[in-house]
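In this text the structure is predicted, and so the values were computed from the model without any measurement.
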Amino acid sequence: MCFPHAGGSSSFFFPLARALAPDVEVVAVQYPGRQNRRSEPLLTRITDLVDGVLPELDRAGDLPWALFGHSMGAVVAFEAARRAARPPLRLFASGRRAPSRIRDEDVHTRDDAGLIAELRRLGGTDPRVFDEPELLAGLLPAFRADYRAIETYRPDPGAAVGCPVTVLIGVEDPQVTEDEARSWRHHTTDRTDLHVFPGGHFYLADHQRRVTALIAAGLGDLSAKE
């Protein structure tokens, strides 16, 4: 199951779904308030986002499963892994520092101009969107709600998952340093490994083949042990 970044949608993972082997089913989460769930109220807490996916995880039954989350999605995936009835084979945490590495951030409290400036800084949003005022106005509420969710998130003391954690970051990502990424080791009772790619916050768009190979290898190694 894949969890998108703040303001993101399930379609972000279409390339990954096409690239992975046919025997790997990719389920991409669509947060409320966007695309086909546009009529649903936006959520502003990580716990509420997790509440919405737990029933889907339970439906996996005894099938092997793993979680991949990018940016905010890495935290949603982490909390979903913690609360699921059984641990996943692996958690892939992309573009996000460890849950306990808190920064003082206030993007969700900024005016629209400040929020737009942050979106431009990180990349990942089609630049043409910024030239379409009506389209942009329709998207900003989802971005703001997601930023509020992740910026106000605080993990439980000692929060950890019972599975290996693979961490992926871009070396130029302003949202996470290598030191912050390595701190994921404090949030699992298993092992962690870190992979650093060229690029910024959305490094994976430029390294789809390498990211896909890394995910496939991680799933293959663990599936062989089942």
Side-chain angles (χ1 to χ4, degrees), residues 1-61 63-85 88 91-96 107-108 112 115-116 118-120 122-153 201-202 204-205 208 211-212 215 219:
M1 183 174 284
C2 298
F3 298 80
H5 52 282
S9 63
S10 59
S11 59
F12 180 74
F13 294 107
F14 282 170
L16 178 63
R18 289 195 299 263
L20 284 171
D23 62 340
V24 178
E25 180 183 4
V26 176
V27 178
V29 172
Q30 187 79 288
Y31 302 137
R34 64 215 74 193
Q35 293 188 351
N36 62 312
R37 301 186 69 184
R38 190 174 181 82
S39 63
E40 299 179 39
L42 293 164
L43 301 179
T44 58
R45 299 194 307 170
I46 296 296
T47 53
D48 291 338
L49 291 170
V50 174
D51 287 343
V53 302
L54 288 179
E56 298 301 321
L57 294 179
D58 290 341
R59 291 191 184 99
L63 293 174
W65 59 284
L67 300 177
F68 182 100
H70 180 65
S71 193
M72 180 188 80
V75 172
V76 183
F78 169 72
E79 289 294 341
R82 288 184 60 213
R83 294 174 53 189
L91 169 64
F92 296 91
S94 168
R96 183 68 191 179
V107 175
H108 74 282
D112 287 352
L115 179 54
I116 292 170
E118 178 67 9
L119 300 180
R120 288 183 181 275
L122 293 181
T125 301
D126 189 330
R128 293 173 294 183
V129 171
F130 300 116
D131 297 324
E132 299 289 340
E134 292 186 7
L135 175 59
L136 185 58
L139 296 175
L140 286 181
F143 279 105
R144 192 178 301 281
D146 288 353
Y147 270 101
R148 180 177 178 183
I150 191 58
E151 291 180 344
T152 59
Y153 164 78
H201 192 57
F202 289 93
L204 64 175
Q208 186 69 57
V211 171
T212 301
I215 293 172
L219 295 177

[X] [atom1] to [Y] [atom2] distance, which is reported to the nearest 0.5 Å:
| X | Y | atom1 | atom2 | value |
| --- | --- | --- | --- | --- |
| Ile215 | Leu20 | CD1 | CG | 6.0 Å |
| Glu118 | Arg144 | CD | CZ | 12.0 Å |
| Thr125 | Leu139 | OG1 | CG | 8.5 Å |
| Leu43 | Asp51 | CG | CG | 9.0 Å |
| Glu79 | Tyr153 | CD | OH | 3.5 Å |
| Phe68 | Leu16 | CZ | CG | 6.5 Å |

Is [X] atom [atom1] crowded by more than 12 heavy atoms from other residues, nucleotides or ligands, each under 6.0 Å away?
| X | atom1 | answer |
| --- | --- | --- |
| Arg83 | CZ | yes |
| Gln35 | CD | yes |
| Arg148 | CZ | no |

**Request:** Heavy atoms only: give me the nearest Pro41-Pro32 pair and the separation to one decimal.
**Result:** O-CB, 3.3 Å

**Message:** Restricting to non-hydrogen atoms, name the atom on Gly8 and the atom on Pro4 that form the minimum distance, rounded to 0.1 Å.
**Reply:** C-CB, 3.9 Å

**Message:** Between Asp146 and Arg34, does any NZ, NE, NH1 or NH2 come within less than 4.0 Å of an OD or OE carboxylate oxygen?
**Reply:** yes

Side-chain touch [X]/[Y], heavy atoms, less than 4.5 angstrom:
| X | Y | value |
| --- | --- | --- |
| Val53 | Phe3 | yes |
| Cys2 | Val26 | yes |
| Tyr147 | Met72 | no |
| His70 | Leu204 | yes |
| Tyr31 | Val76 | yes |
| Trp65 | Met1 | no |
| Leu67 | Phe92 | no |
| Pro141 | Leu42 | yes |

**Request:** Could you walk me through whether Asp131 and Leu136 pass side-chain contact (heavy atoms from CB on, under 4.5 Å), step by step?
**Result:** CA-CA 8 Å; Asp131 297 324; Leu136 185 58; over 6 Å; no

**Prompt:** With distance as the sole test, does Glu151 use its side chain to make a donor-acceptor pair with the main-chain N or O of Val107 at under 3.5 Å?
**Reply:**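 Yes, because the side chain of Glu151 sits within donor-acceptor range (under 3.5 Å) of the backbone of Val107.
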
**Request:** Could you tell me whether a side-chain N or O of Glu40 sits under 3.5 Å from a main-chain N or O of Gly33, the two making a donor and an acceptor?
**Result:**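 Looks like no, no N/O pair under 3.5 Å.
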
**Asked** With under 30° as parallel and over 60° as perpendicular, where do the rings of Phe202 and Phe12 fit, or are they tilted in between?
**Response**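 If you compare the ring of Phe202 with that of Phe12, the planes turn out perpendicular.
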
**Item:** Result of checking His5, His108, Arg96 against Ile150 for side-chain contact (heavy atoms from CB on, under 4.5 Å)
**Value:** Arg96

